[in-house]
Every structure is written in structure tokens, then in C-alpha cells.
Amino acid sequence: MTKLDTDLSGSPDAPRRAHIKSYGCQMNVHDAERMADLLAGEGYVMTEEAENADLVILNTCHIREKAAEKVYSELGRLRVTKEQRAADGRTTLIAVAGCVAQAEGGEIMKRQPNVDIVVGPQSYHRLPGLIARAEARDRRGAIDTEFPEEDKFTALPKPEAKRLMARGPSAFLTVQEGCDKFCSFCVVPFTRGAETSRPVAAIVEEARAMVEAGVRDIMLLGQNVNAYHGDDGKGGTADLARLFDRLSAIDGLARLRYATSHPRDMNAALIAAHRDNPKVMPYLHLPVQSGSDRVLKAMNRRHTRDFYLRIIDEVRAARPDIALTSDFITGFPGETDADFEDTMDLVRQVGFASAYSFKYSPRPGTKSAEGEDSVPESVKSDRLLALQALIVAQQTAFNAACLGRRMPVLFEKAGRFPGQASGKSPYLQAVNVEIPAENAISDFIGRIVDVDISELASNSLRGKLAEGQSSAVGGKAA
Ligand code: SAH
Ligand code: SF4
Ligand code: F3S
């Protein structure tokens, strides 16, 4: 603990400190950003250390058992922190937010009585009131897992420009939430609720403010982002391609991405946007889960293997260089060796730039958890390893094909090593570049600069500034 911390924590004027930890998807991470913005308006200062925090928020994920269990081990550790702080005369509020909060509600407090607040992903705009209630009720707690009428984004304060700026030039923006698909393995329709889309005008306004603060690359988020159908303000609805048209009219916004999509919702306009809208990046995360029709049917995915492959063909016809990524589950109940081989075959056929894969985890309340978790753990693991080896090989091949190419890189931050800047290629690869000594790294942040890709690293690319680029950005004196 620093001297400053010691001095401030005892004083009545000390700012309250909050610590937020995220466990889940990109939307979960973005929710944590919005909670931090909200709390900043309430006078909280963020801290990296839970031990120094007056308020600790665990922003949880319910998607697999492992993710959910992490919360309880963390709550066990926090109990000790809370007791130690109490011995020093300091109170600590513990809040569980996110999808475990939604799924388990008050049960969390029964299992861990040290929890003061339980707040779901659709009601965290009410945190200030919940904090006040938790404090006033002499720490007996406050629970809010409603799916309220009001839209949390309308209720949340607009983030301050300096807070947006501090997060760098690539940012998330939630445009759609919830899911009506009910894949048989998935908790999301229960934890995030029914599918809803934010109005176009609200999204454009938020994007404009982000761009004014220096954001250049926006990842539009939704559990089913390509099912987006927001109020267009003219009595109709806009689909995602139409939303892209509106957003790409914003000067200074250079790149648009979206995640995560469902194969059934890839409409022709969206596919065409990858060809026609230069701001829509050549990157598509399109989860398929399995390559076996039998398994896809049992998963209630509502698409076949051929349907998926057809969409991939159409996307590639529109944008041949597109980076395709996906999600897979191994060991879904009833998955045979032949089913798994169908998945491997699909992967070979598509050629992914990267992918996430997971062992099937039965989740309470979902349809597939009603039956037996029939594939033995060791088989799930073996299949996962084989799949991951294939995906890593494809990722390496995709990156290797970038060697020698010149790519526009959006610089986001200083690199891991001194003199390096780190950015993203159009394909969302991390690219690290040595910056000449006469340039300041900070001059590159937020700029899109041509880079010649020269080397492969394990999870990233290395490159050199293309000729003339360093003087274009300007020297230290500029
Ligand atoms: N909206 C996204 C999925 C969000 S969940 C979509 O429609 O694809 C992210 C990924 O977690 C899923 O794509 C799936 O691969 C994985 N997942 C979800 N539920 C799971 C479960 N019960 N067991 C294992 N993996 C799961
Ligand atoms: Fe879950 Fe399926 Fe909805 Fe994706 S589409 S969030 S996997 S239910
Ligand atoms: Fe997890 Fe909820 Fe996201 S369950 S994956 S944090 S929507």
C-alpha cells in the first residue's frame, strides 16, 4: 500500500474506491466499463486491488460451470479481505453482477452471506440505489435481477470523454441484447432475456461521442448482433447493414466490426456490406458449434452444416480475404466419433483464422441438461485437443499468409517492449511494430498507418512501418 493510500483511506473526504472484475464475454467486459463510468459519476475511483476497495464488483459469467464456479472461490477469498478490512475499521461492500447474479439471484447470498448486492445484467444502471440500500440496511443486502421496462443504456449517464479516451481507439458499443434462439445448451436466453435492439439514433449518438473522444474502431456487440433490427426513427426498423450505413457516415470513424453472429441471421445485405462498405472490416465471428447435422439438430441450432457452408461461400464471394472465426463445443450429449469427425471436416473445409472451442458443460435450466451428459470427460478432452490442434495450425497458416503483405494497422497502445507500438490489422490480428527513435509512440496511438508484415510471433505479427510512414506521423518535436 502506498503512503497516499494510507493517508486517504482514514480521512472522511477520501474518495470511495471500487474494484470491478469481469469473467465473461465482450459484452460482460463492456458492462464492466459502463459500471465503472456510472460509479465514477458517484465519486468512486477505480482500483486494481480488491484489498483497497470499498466496493468490489464481481461481474460474473454463467456460460460454463467453470466460469460460474470461479465466482465462489473468489467470494471465499473476498470474505477474508472483508474481515481484514473490517478489523481496520473499514467497510467493504461486495456485489455480484452479471449472468451468475441473474441466474442465481438471492441464492448467492444464502451461499455466501458476505455478499451485499446481487444485480443482473439488465439492471446495473440501478447500482447507486442498490449501494445506498445495502449501506442503509446495515449490510443485509439488496437484490435486483429484474428485466426492467426502461432500457439501461438510456438510464446510464453518458461516459465522460476523458474516460472513453483512456480506453484507447478501439471500443465496444452494445447495439443488441438477449436471445430468442434457445440453443439447447445455452443459458444466455435466461440470463440476458429476450432479444432487443437499441434504436438507431441512440447508437449513432453514442458512436459520435466515442469518435469525438478519439475512438476509431467500434465493435458492435450483441448476443445475436446480426439479428439487430432497431427503430430507424422513421416508423420502420433498420437491419445491421443499414446501421453500418448510418455509422459509416461518421467522419473519423474508420473501422466497424460486430460480434457475435448467428448463421441464420446473416442476411444478403450484411454479406454485401462486407463487399461494399469500406469501413466494415474483413472479419467475421460466426459460431457453428458442430459440423454434424445430427448434433446441430439436438443443439436446436436451427441451421445445418450445408447452410453454414453456403453462408461461408457467400461471405467469401463478397470478401475473399475475410478472416473467419467460430465457436465449437466438443462432447455434446450423444456426439459420436463420426459426428466429431464431421466437425473436423467442416473446419478443414472452411479454414478459420482462429476459433474458440469448449468442452460441453451442462447448465442448469437448459434443455440439454435435462438429459444425460453422456460423453465421458476424457473423450470430450481428447476431441477438444484434436480440434484445437487443427485450429492452431489454421491460425498459423492464416498469419503466415500475411507475411510480406502491407496492412493498415490501427495503433492502440505502447507495445510490451520499449520502443514498440501495438495495434490491430483489419483482420483483428495484434501487430507489434518498432517505432523509430525520432518518433514518439504516443503520436501513433489512434493512427492508422501502413505496416509491412515481416515476422510471425506466437499470437501476433511483427512488422515495420512502411516507407515514409514515420515522417507522415511526425517526429517528437511535431
Ligand atoms: N451468441 C453466441 C454464443 C454466446 S456463448 C452464439 O450464438 O453463438 C459463447 C460460446 O460459448 C458459444 O458459442 C458456445 O460455443 C459456448 N457455450 C455456450 N454454452 C455452452 C455450454 N453449455 N457448454 C460449453 N460451451 C458452451
Ligand atoms: Fe446461446 Fe444459441 Fe442464443 Fe447464441 S444463439 S446466445 S448459443 S441460445
Ligand atoms: Fe457469460 Fe453472460 Fe456473456 S453467461 S458469455 S457473461 S452473456
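Ligands are counted one by one from 1 in listed order, and the atoms in each one are counted from 1 as well. Position 1 is the first residue of the sequence, and the numbers go up from there.
Of the listed options H285, K66, Q223, Q223 places a heavy atom closest to atom 1 (N) of ligand 1. Across the listed options Q26, H62, M27, H62 owns the non-hydrogen atom lying nearest to atom 4 (S) of ligand 3.
Here's the thing with N224: none of its N/O atoms is less than 3.5 angstrom from an N/O atom of ligand 1.
Between R16 and D54, no side-chain nitrogen of the basic residue sits less than 4.0 Å from a carboxylate oxygen of the acidic one, so the salt-bridge criterion is not met. Using a 4.0 Å cut-off between charged nitrogen and carboxylate oxygen, D37 and K158 do not count as a salt-bridge pair.
Residue pairs meeting the salt bridge (charged side-chain N to carboxylate O under 4.0 Å, His left out) criterion with at least one member in residues 178-204, sequence neighbours excluded: D31-R192, E177-R192, K181-D265, R198-E206.
Distances shorter than 4.0 angstrom occur between a heavy atom of R301 and an atom of ligand 2. Ligand 3 is approached by Q223 to a heavy-atom distance shorter than 4.0 Å.
Among all non-hydrogen protein atoms, the one lying nearest atom 23 (N) of ligand 1 is S361 N, 3.0 Å. Here the heavy atom of the protein found nearest to atom 14 (C) of ligand 1 is Q289 OE1, 3.3 Å. Closest to atom 13 (O) of ligand 1, if we only count protein heavy atoms, is D327 OD2, 2.6 Å. Distance from atom 19 (N) of ligand 1 to its nearest protein heavy atom, with residue and atom name: F185 CD1, 3.3 Å.
Between the side chain of D339 and the backbone N or O of T336, at least one donor-acceptor pair lies under 3.5 Å.
Of the heavy atoms in K181, none comes closer than 4.0 Å to ligand 1. Contacts between R301 and ligand 1 below 4.0 angstrom, taking non-hydrogen atoms only, involve the side chain exclusively.
Aromatic rings from F332 and F358 are positioned such that their centres are separated by 6.0 Å or more.
The set of protein atoms (N, O or S) found at less than 2.8 Å from atom 3 (Fe) of ligand 2 reads C179 SG, by chain and number.
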